[in-house]
Student: 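Let me begin by handing over the structure; questions about it come next.
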Amino acid sequence: MKPLTSAPKGTQDALPSDITRWHYIERTALDIAERYGFFEMRTPTFEHTELFNRAVGDTTDVVQKEMYTFNDKKDRSITLRPEGTAGVVRAAIEHNLLGGQLPVKASYVISCFRYEKPQAGRLREFHQFGVESLGSPSPASDAEVIALANQLLQTLGVSKIKLFINSIGCKHCRPAYQVKLREYFSSHKEKLCETCLTRLETNPLRIIDCKSPICKEIAAQAPKMIDHLCPECEEHFAELRERLEAMGINYEIDPDIVRGLDYYCRTVFEFVTEAIGAQGTVCGGGRYDGLIEELGGPTLPGVGWAMGLERLQLVMAASNAETPAPLPCELFIAPMGRAASIAAGTLVQKLRAEGVSADCETMGRSLKAQMRYADKLGAVYTMVLGDNELAECKATIKEMATGNTAEITLGDDFANEFIKLSLQRCISDVADAAAKL
RNA sequence: GUGGGUAUAGCUCAGUUGGUUAGAGCGCCAGGUUGUGGCCCUGGAGGCCGUCGGUUCGAGCCCGAUUAUCCACCCCA
């Protein structure tokens with residue numbers, strides 16, 4: 001049969017067989033973030049379009065051609081968030097968190113939306129884990145958030161990844177640098193590609209990122225921002241490097257990291273892999289000292305990053321990272337007959353109420369099929385319960401790993417008896433393991 | 001937005017110069033044990049061969065369009 005419809009282009013379903021991995025990643029991320037003092041924050045999936053125009057920047061590709069923007073029924077312009085920082089900063093301003101104790105440290109798990117042509121590691125709806133630290137101008141904060149990303153990646157078993165850092169200066173040194181850059185590229189005007197010719201007027205910094213071979217060649221000789229930092233930015237960057245080295249975090253300086261969101265200044269960084277195709281930036285972020293003020297908040301700095309969770313899973317797979325298996329079913333009950341089926345349903349309900357993962361047959365299949373099913377569930381024990389046994393309050397229980405069976409009595413307190421049985425198994429497992437040492 | 005590859009079963013893929021009723025492995029279901037899983041054996045279900053049009057006596061195969069998907073550019077997570 002033909003399906004009625006299919007998922008929209010560039011979206012993905014997370015199926016039950018995927019969800020253990022998603023939960024593992026999200027829990028690990030939130031947990032590590034909490035240890036660094038970052039607590040989860042939830043903001044709306046859509047915001048006023050103006051927020052992103054102001055935060056991300058009118059001239060960026062994200063705003064100009066990638067946003068899902070629509071008018072609601074009262075004709076307000078609404079946009080599905082293309083990234084997470086703007087919403088977090090907006091919420092922090094709106095609830096006056098920045099008038100309280102600083103820094104404000106928040107984390108988030110969100111889906112983001114960008115209208116792009118999908119390819120490996122790039123979707124129209126994708127998921128991010130991110131952190132934002134608001135209020136501290138010190139490179140201590142830059143180092144802290146980088147350390148957090150680094151630890152998260154390590155914990156998740158991501159090995160094939162490298163950290164690149166750069167400084168793109170501040171509102172004092174960048175304009176002077178841009179003048180120099182424009183002068184330099186103007187002297188090579190006739191060789192630049194078409195898009196770079198417009199970039200020359202709007203944002204010459206972007207030419208450095210151009211992938212066309214000729215522009216690349218010209219850009220290679222261009223003056224680097226990192227060589228034209230003001231003393232304050234110079235000092236900030238030096239201290240960040242000192243701190244990363246003190247923490248034993250490996251990094252490389254990549255003077256060509258520019259980043260396409262306008263709010264960044266000073267520190268920018270990316271965790272990049274070559275193992276998942278052309279879209280190798282798994283985590284990207286930096287400092288955004290003017291953003292809070294730009295959005296109508298106090299004059300306070302900020303720094304943060306976001307990690308693409310689909311790309312993260314790709315690089316985890318490429319790194320052969322292990323993810324935990326779903327919790328096994330502790331007891332599967334295979335009833336034979338109508339009365340037994342009702343009793344089985346009641347028993348598993350009791351066990352579940354006691355916190356045990358238990359299941360029973362609902363398909364009315366043969367015992368053989370039920371055993372097969374129990375095996376696929378990874379059941380630790382399977383109980384066979386026939387109408388005749390039920391009448392005698394008895395049942396057979398089988399330990400699936402060994403195949404051993406035993407007859408048991410079904411008392412009123414069977415649930416508790418079973419919990420004790422499982423506990424004993426755990427104790428004997430531990431004893432066996434200890435004996436082997 | 002630009003370029004290239006691909007489209008056959010739930011998944012991974014065969015399918016001869018165009019020729020009867022389209023295949024395999026895995027998965028699913030059932031049987032081999034009238035009440036016991038894994039291994040093995042046997043059988044079964046499941047396909048508008050992406051869609052529309054064209055060429056032809058005849059198209060899964062050739063041509064065109066379209067859609068989807070993958071990859072790359074651009075950009076970013």
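To find a chain, count down the sequence lines: A is the first, B the second, and so on, and within it residues start at 1.
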Student: Under 4.0 angstrom, heavy atoms only, what part of the nucleic acid is A/Cys112 near: base, sugar-phosphate, or nothing?
Tutor: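 Since no nucleic acid heavy atom lies under 4.0 Å of A/Cys112, the category is nothing.
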Student: Taking only the C1' atom of each, what is the distance from B/U55 to B/G1 in whole angstrom?
Tutor: 35 Å
Student: Where the side chain of A/Arg122 is concerned, which of B/U69, B/A72, B/C75 is the nearest nucleotide?
Tutor: B/C75
Student: So A/Phe418 and A/Tyr381, would you call those rings parallel, tilted or perpendicular, with 30° and 60° as cut-offs?
Tutor: perpendicular
Student: Given atom CG of A/Leu123 and atom P of B/A68, what is their separation to the nearest angstrom?
Tutor: 15 Å
Student: Find the distance A/Arg365:CZ to B/C28:P and express it as a whole number of Å.
Tutor: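 My rounded result for the distance is 11 Å.
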Student: Going by atom types alone, do A/Glu389 and A/Thr396 pair a side-chain donor with an acceptor below 3.5 Å?
Tutor: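 A donor-acceptor contact under 3.5 Å links the two side chains.
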Student: Using a cut-off of 4.0 Å on non-hydrogen atoms, how would the nucleic acid contact of A/Ala278 be classed: base, sugar-phosphate, or nothing?
Tutor: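 If one applies the 4.0 Å heavy-atom cut-off, A/Ala278 turns out to touch the sugar-phosphate alone, with no base involved.
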Student: In this structure, how many angstroms lie between the C1' atom of B/C11 and the CG atom of A/Leu15, rounded?
Tutor: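 Spelled out: CG on A/Leu15 to C1' on B/C11 is 13 Å.
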Student: Using atom C1' of each nucleotide, how far apart are B/C48 and B/A22 to the nearest Å?
Tutor: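 My reading of the C1' atoms in B/C48 and B/A22 gives 13 Å.
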Student: Starting at CD of A/Gln119 and ending at P of B/G3, how long is that distance when rounded to a whole Å?
Tutor: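 After rounding, the gap between these two atoms is 15 Å.
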Student: Dot-bracket for RNA chain B, 5' to 3', counting Watson-Crick or G-U wobble pairs under 3.5 Å, with [ ] for crossing pairs and | for inter-strand pairs?
Tutor: (((((((..((((.....[...)))).(((((.......))))).....(((((..]....))))))))))))....
Student: Around atom CG of A/Asp412, are there more than 12 heavy atoms of other residues, nucleotides or ligands at under 6.0 Å?
Tutor: no
Student: Roughly how many Å is it from CD in A/Gln12 to C1' in B/A68, rounded to a whole number?
Tutor: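 In whole Å, B/A68 C1' lies 15 Å from A/Gln12 CD.
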Student: Hey, does the side chain of A/Lys9 come within less than 4.0 Å of B/U69's phosphate (OP1/OP2), counting only N and O?
Tutor: yes
Student: NA contact type, A/Glu83, heavy-atom cut-off 4.0 Å: base, sugar-phosphate, or nothing?
Tutor: nothing
Student: Tell me which of A/Arg114 and A/Lys117 sits closer to the 5' end of RNA chain B, going by the nucleotide each one is nearest to.
Tutor: A/Lys117
Student: When the P atoms of B/A24 and B/A9 are considered, how many whole Å apart are they?
Tutor: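 Here B/A24 and B/A9 have their P atoms 14 Å from each other.
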Student: Rounded to whole angstrom, note down the P distance from B/C39 over to B/G47.
Tutor: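 Taking atom P in both B/C39 and B/G47, they lie 27 Å apart.
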Student: Using atom C1' of each nucleotide, how far apart are B/G27 and B/C11 to the nearest Å?
Tutor: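 Taking atom C1' in both B/G27 and B/C11, they lie 7 Å apart.
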Student: Under 3.5 Å, is there a donor on one side chain and an acceptor on the other for A/Glu361 and A/Ser341?
Tutor: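 No pair is found: no donor N or O on one side chain lies under 3.5 Å from an acceptor on the other.
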Student: Hey, are A/Gln221 and A/Tyr184 close enough side-chain-wise for a donor-acceptor pair under 3.5 Å?
Tutor: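 There is no such pair between these side chains.
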Student: Does A/Lys162 come within less than 4.0 Å of A/Glu252, counting only side-chain N to carboxylate O?
Tutor: yes
Student: Would you mind reading off the distance between A/Gln370 atom CD and B/U33 atom C1', rounded to a whole angstrom?
Tutor: 16 Å
Student: Check the distance between B/C71's P and A/Gln279's CD and give it to me in whole angstrom.
Tutor: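 Atom-to-atom, A/Gln279 to B/C71, this comes out as 10 Å.
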Student: Verify whether the ring centers belonging to A/Tyr251 and A/Phe164 lie closer than 6.0 Å.
Tutor: no
Student: Give me the distance, rounded to whole Å, that separates B/U67 from B/U21 when you measure between the C1' atoms they each carry.
Tutor: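 Roughly 31 Å separates the two C1' atoms.
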Student: Among A/Arg122, A/Gln279, A/His127, A/Gln128, exactly one meets side-chain hydrogen bond (donor to acceptor under 3.5 Å, both in side chains) together with A/Glu310. Which residue is that?
Tutor: A/His127
Student: By nearest heavy atom, map A/Gln128 and A/Pro8 onto RNA chain B; which one lands nearer the 5' end?
Tutor: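 Between the two, 5'-proximity favours A/Pro8.
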Student: Roughly how many Å is it from CG in A/Asp61 to C1' in B/G1, rounded to a whole number?
Tutor: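 After rounding, the reported distance stands at 10 Å.
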Student: Is NZ or CZ of A/Arg42 both nearer than 6.0 Å to the six-membered ring centre of A/Tyr108 and within 45° of the ring axis?
Tutor: no
Student: I'd like the C1' distance from B/C57 over to B/G15, given in whole Å.
Tutor: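 After rounding to an integer number of Å, I get 23 Å for this pair.
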Student: Between B/C28 and B/U69, how far apart are the two P atoms, rounded to whole Å?
Tutor: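 The same atom, P, in both gives a distance of 28 Å.
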Student: Once salt bridge (charged side-chain N to carboxylate O under 4.0 Å, His left out) is applied, do any residues pair with A/Glu294, and if so which ones, sequence neighbours excluded?
Tutor: A/Arg54
Student: Produce a footprint string for nucleotides 34-46 of chain B: one letter per nucleotide, 5' end first; B if the base is under 4.0 Å from any protein heavy atom, S if only the sugar-phosphate is, - if neither.
Tutor: -BBBB--------
Student: Are A/Asp256 and A/Lys224 close enough for a salt bridge, meaning some N to O gap below 4.0 Å?
Tutor: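 Salt bridge between A/Asp256 and A/Lys224, a charged N being under 4.0 Å from a carboxylate O: yes.
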